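Worksheet for the structure shown next.
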Amino acid sequence: MTLTAPARTAPPPAPPGRAPGARRAWRKASPYAYITPFFTLFAAFGLFPLLYTAYVSLYRVELQTPGDMQWRGLGNYTALFGDEFFWTSLRNTFTIGVLSTVPQLAMALGLAHLLNHRLRGRTFFRTAMLLPYATSVAAATLVFSQLYGRDFGLVNYVLGAVGLDPVDWQTGTFASQVAVSTIVIWRWTGYNALIYLAGMQSIPHELYEAAEMDGASRLRQFFHVTLPGLRPTIVFTAVVSTIGATQLFGEPLLFEGSLSGGISHQYQTLGLYMYEQGWGFFHLGRAAAVAWVMFLLIVLLVGANALVARRRTRKEAGR
């Protein structure tokens, strides 16, 4: 008796359309094709302006004759660092950033903690938190400039009613910086509060129940459960607020309507200084240098923030 090998069946025919090799190539290339529009727009409107600004910062370029470019090398940067008003704007940017960011995030954290509890009309309050953020910068700044008026402002009227002397909010250095910081706080506190609220709602409720069973009060639960759970969210809001404070422009510009940020540049920020150099004095090359200094400053601040957060995380993980 002889055994015969079973007959091999032919493979099923390929479906009509693309060949197997073409389908395999498309499967590998399709992810890159899907993300190509984003990177194309990013290269056109993000990367190219950044690199071109660095290129322009090495030349003497005037707004009236943008085609006439004279090589200066690092001359714009050396002239920048030798300008006392640049250091004044840098110091003002730091001061206004601290005055606006720290109270803003602290108030946002407190408001989010209140809205996280069951309140009557909490949906209304959550929606109302976004109203200042949705308000135009120009409208908000013009209203606040009237409130901080020296002679007929409501703030000085209230100060006079309680027996205090009026404050010249637009001329005094610290007073004007406080006034500008107040506008920033008013506009962004509700936005950050909603971000914190979303982070609080993602914390497991079992952690609060366990802390309550251990006898922890509401205050201890906030410091030992809520804050550790919100640490990534707090780092995110701190980074975004730092970037926004470094690029602050609209509020100081419209507060008094001056490119110099007051009579003695008392509240001129880096963004306002850059605008003054480019569109006030027509020095596009120096304005480009200011833009790159701001970019490098933001990179350093964000990197330092991330380094501190990473070290803190490693320290807690090693306990």
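Because the structure is predicted, anything quoted here is derived from the model rather than measured. Computed from heavy atoms alone, side chains included, the values below leave out hydrogens, waters and symmetry copies.
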Practice prompt. Give a yes or no on whether the backbone of Gly75 and the side-chain of Thr78 come within a donor-acceptor separation of less than 3.5 Å.
Written response: yes
Practice prompt. Please determine which of Phe39, Phe45, Phe38 meets the side chain to side chain contact (heavy atoms under 4.5 Å, CB included) test together with Leu41.
Written response: Phe45
Item to complete: Can you label the angle between the Tyr208 ring and the His205 ring as parallel, tilted or perpendicular, going by 30° and 60°?
Response: tilted
Discussion item. Could you measure the distance from the CD atom of Glu276 to the NE2 atom of His265? Nearest 0.5 Å is fine.
Written reply: 5.5 Å
Practice prompt. Kindly assign one of parallel, tilted or perpendicular to the pair Tyr148 and Phe144, based on the angle between their ring planes and the thresholds 30° and 60°.
Written response: parallel
Fill in: Shared hydrophobic cluster for Val61 and Trp279 (ILVMFWY, side-chain gaps under 4.5 Å)
yes
Fill in: Short side-chain to backbone donor-acceptor contact, Trp87 and Phe81, under 3.5 Å
yes
Discussion item. Please find the pair of heavy atoms, one from Leu80 and one from Val290, that lie closest to each other, and give the distance.
Written reply: CD1-CG2, 3.3 Å
Worksheet item: Parallel, tilted or perpendicular: which describes the rings of Tyr52 and Tyr55, with under 30° parallel and over 60° perpendicular?
Response: tilted
Discussion item. Are Phe152 and Phe255 linked, directly or through intermediate hydrophobic residues, by side-chain heavy-atom contacts shorter than 4.5 Å (ILVMFWY only)?
Written reply: no
Worksheet item: Is there a donor-acceptor pair closer than 3.5 Å between any side-chain N or O of Asn305 and the backbone N or O of Leu301?
Response: no
Worksheet item: Okay, side chain of Asp214, backbone of Ala216: is any donor-acceptor separation there less than 3.5 Å?
Response: no
Worksheet item: Atom CD of Gln266 and atom CZ of Arg91: how far apart are they, to the nearest 0.5 Å?
Response: 11.5 Å
Worksheet item: Looking at Ser258 and Ser260, what are the two nearest heavy atoms and their distance?
Response: OG-OG, 2.9 Å
Worksheet item: Between Asn156 and Pro166, is there a donor-acceptor pair closer than 3.5 Å when you use the side chain of the first and the backbone of the second?
Response: no
Worksheet item: Are Phe94 and Leu270 grouped together when hydrophobic residues (ILVMFWY) are joined by side-chain heavy atoms under 4.5 angstrom apart?
Response: no
Worksheet, complete the sentence: Nearest heavy-atom approach of Thr242 to Thr246 is O-OG1, 2.8 Å
Worksheet item: Does the Trp169 side chain pair with the main chain of Val178, one donor and one acceptor, at a distance under 3.5 Å?
Response: no
Worksheet item: Would you find a donor on one side and an acceptor on the other, under 3.5 Å apart, between the side chain of Ser202 and the backbone of Gly199?
Response: yes
Worksheet entry | For Ile96, all residues meeting side chain to side chain contact (heavy atoms under 4.5 Å, CB included), sequence neighbours excluded | Gln177, Val180, Ser181, Leu248, Tyr267, Thr269
Response to the item:
Smallest heavy-atom separation, Ile185 atom then Leu99 atom, equals CD1-O, 3.6 Å
Worksheet item: Is a donor on one side and an acceptor on the other found under 3.5 Å between the side chain of Asn192 and the backbone of Trp188?
Response: yes
Discussion item. Under a 3.5 Å distance rule, please check whether Gln170 uses its side chain to pair with a backbone N or O of Gly149 as donor and acceptor.
Written reply: no
Discussion item. Using 0.5 Å steps for rounding, measure from the CZ atom of Arg126 to the CG atom of Leu111.
Written reply: 12.5 Å
Discussion item. Donor-acceptor pair, distance only, cut-off 3.5 Å: does the side chain of Asn76 make one with the backbone of Ser57?
Written reply: yes
Item to complete: Compare every heavy atom of Glu62 with every heavy atom of Phe281, then report the nearest pair and how far apart it is.
Response: O-OE1, 4.2 Å
